[in-house]
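Bear in mind that the values here come from a model prediction, so they are computed numbers and not experimental data.
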Amino acid sequence: QVQLVESGGGSVQAGGSLTLSCAASPYIYSSYCMAWFRQAPGKEREVVASMHNDGVSNSSGATTYADSVKGRFTISLDSAKNTLTLHMTNLKPEDAAMYFCAAQYPGLLPCEYNHWGQGTQVTVSS
């Protein structure tokens, strides 16, 4: 059974940094769609950053970012540790939200994430 557990959320001041982690069990498959989503109160859930690997082309996962976080957030995956990470810098009050890790195995396009974590809260004060 696939489980995703997020950690690393917290409260920071604007301009600060946080790193979120998502521990995936039993492991991260070689073919995957994985992403970080966020949802702020009263707003729809949105994808922040994603990675995709078809498991065939033997290349590192293709990454995409929401325009609002480009240049500030970095998504990465450590297959050996079965961990998806979101490194967030220069945080803004509008980044405050519940952040969720999501996965789909295998990485068939379009990605329709069917595994979700419980979320980790990020608060940014101005």
Side-chain angles (χ1 to χ4, degrees):
Q1 182 176 358
V2 175
Q3 285 193 319
L4 303 172
V5 179
E6 303 95 336
S7 62
S11 296
V12 296
Q13 288 190 327
S17 300
L18 277 176
T19 297
L20 306 183
S21 295
C22 172
S25 61
Y27 52 81
I28 294 176
Y29 290 50
S30 59
S31 174
Y32 58 80
C33 292
M34 297 202 74
W36 287 97
F37 286 76
R38 67 186 180 188
Q39 186 167 20
K43 294 187 177 181
E44 292 190 356
R45 185 173 60 191
E46 61 174 347
V47 58
V48 175
S50 65
M51 297 186 73
H52 170 255
N53 193 321
D54 62 9
V56 175
S57 56
N58 196 31
S59 61
S60 59
T63 59
T64 61
Y65 296 93
D67 288 343
S68 61
V69 307
K70 282 181 180 177
R72 300 188 298 120
F73 290 12
T74 302
I75 188 172
S76 61
L77 188 149
D78 187 333
S79 297
K81 296 182 178 179
N82 295 315
T83 300
L84 182 73
T85 298
L86 184 68
H87 183 55
M88 307 183 293
T89 64
N90 191 22
L91 282 160
K92 304 176 181 181
E94 51 264 40
D95 294 319
M98 183 71 80
Y99 282 72
F100 299 90
C101 174
Q104 175 200 293
Y105 307 124
L108 301 176
L109 296 177
C111 295
E112 297 178 352
Y113 302 92
N114 56 344
H115 302 291
W116 293 84
Q118 293 299 308
T120 185
Q121 183 68 46
V122 172
T123 304
V124 183
S125 58
S126 57

Taking every non-hydrogen atom, the tightest pair across Ala96 and Ala40 = O-CB, 3.7 Å
Phe100 vs Cys22, side chain to side chain contact (heavy atoms under 4.5 Å, CB included): CA-CA, chis, key distance, verdict = CA-CA 9 Å; Phe100 299 90; Cys22 172; over 6 Å; no
note = Correct closest heavy-atom pair for Asn90 and Ser17 would be N-OG, 4.2 Å
key: Any side-chain heavy-atom pair of Leu77 and Tyr32 under 4.5 Å   = yes
query = Which residues satisfy the side-chain hydrogen bond (donor to acceptor under 3.5 Å, both in side chains) test with Arg45, sequence neighbours excluded?
reply = none
query = Could you give all pairs that pass the salt bridge (charged side-chain N to carboxylate O under 4.0 Å, His left out) test and reach residues 34-43, with sequence neighbours left out?
reply = Arg38-Glu46, Arg38-Asp95
ask   = Is Val122 linked to Val69 within one hydrophobic cluster, defined over Ile, Leu, Val, Met, Phe, Trp and Tyr using a side-chain heavy-atom separation of less than 4.5 Å?
value = yes
ask   = Where the side chain of Ser21 meets the backbone of Thr85, is there a donor-acceptor pair that is under 3.5 Å apart?
value = no
Worked check of side chain to side chain contact (heavy atoms under 4.5 Å, CB included) between Thr89 and Phe73 = CA-CA 6 Å; Thr89 64; Phe73 290 12; 5.6 Å; no
key: For Gly107 against Ser31, the heavy-atom pair lying closest together   = N-OG, 2.7 Å
message = Can you give me the closest heavy-atom contact between Val2 and Pro26, atom names plus distance?
response = CA-CD, 4.2 Å
query = Is there a side chain to side chain contact (heavy atoms under 4.5 Å, CB included) between Met88 and Leu20 once you walk through the steps?
reply = CA-CA 8 Å; Met88 307 183 293; Leu20 306 183; 3.7 Å; yes
Joint hydrophobic cluster, Leu18 plus Met98, side-chain heavy atoms closer than 4.5 Å = no
remark   = Closest non-hydrogen atoms of Tyr65 and Ile75, given as atom of the first, atom of the second and distance, are OH-N, 2.9 Å
ask   = Could you state the interatomic distance from OH (Tyr27) to OG (Ser79), rounded to the nearest 0.5 Å?
value = 12.5 Å
key: Any Glu6 side-chain heavy atom under 4.5 Å of Trp36 side chain   = yes
message = Checking the side chain of Asn82 only, and the main-chain atoms of Ile28 only, is there a donor and an acceptor separated by less than 3.5 Å?
response = yes
request  = May I ask you to test the Met34-Tyr105 pair for a side-chain heavy-atom distance under 4.5 Å?
outcome  = yes
Test log, rule side chain to side chain donor-acceptor pair (under 3.5 Å), inputs Thr74 and His87 = CA-CA 5 Å; Thr74 302; His87 183 55; over 6 Å; no
All N/O donor-acceptor pairs, side-chain side in residues 108-121, below 3.5 Å, sequence neighbours left out:
unit_1, atom_1, unit_2, atom_2, d
Trp116, NE1, Tyr113, O, 3.3
Thr120, OG1, Gly9, N, 3.0
Gln121, NE2, Ala97, O, 3.3

query = Stepwise, does the side chain to side chain contact (heavy atoms under 4.5 Å, CB included) test hold for Leu84 with Met51?
reply = CA-CA 9 Å; Leu84 182 73; Met51 297 186 73; 4.0 Å; yes
ask   = Ignoring hydrogens and geometry, is there a side-chain-to-backbone donor-acceptor pair from Tyr99 to Gln39 under 3.5 Å?
value = no
key: Distance (rounded to the nearest 0.5 Å) between Cys101 SG and Gln3 CD   = 12.0 Å
Check: Ser68 side chain, Ala66 main-chain N or O, donor-acceptor pair, under 3.5 Å = no
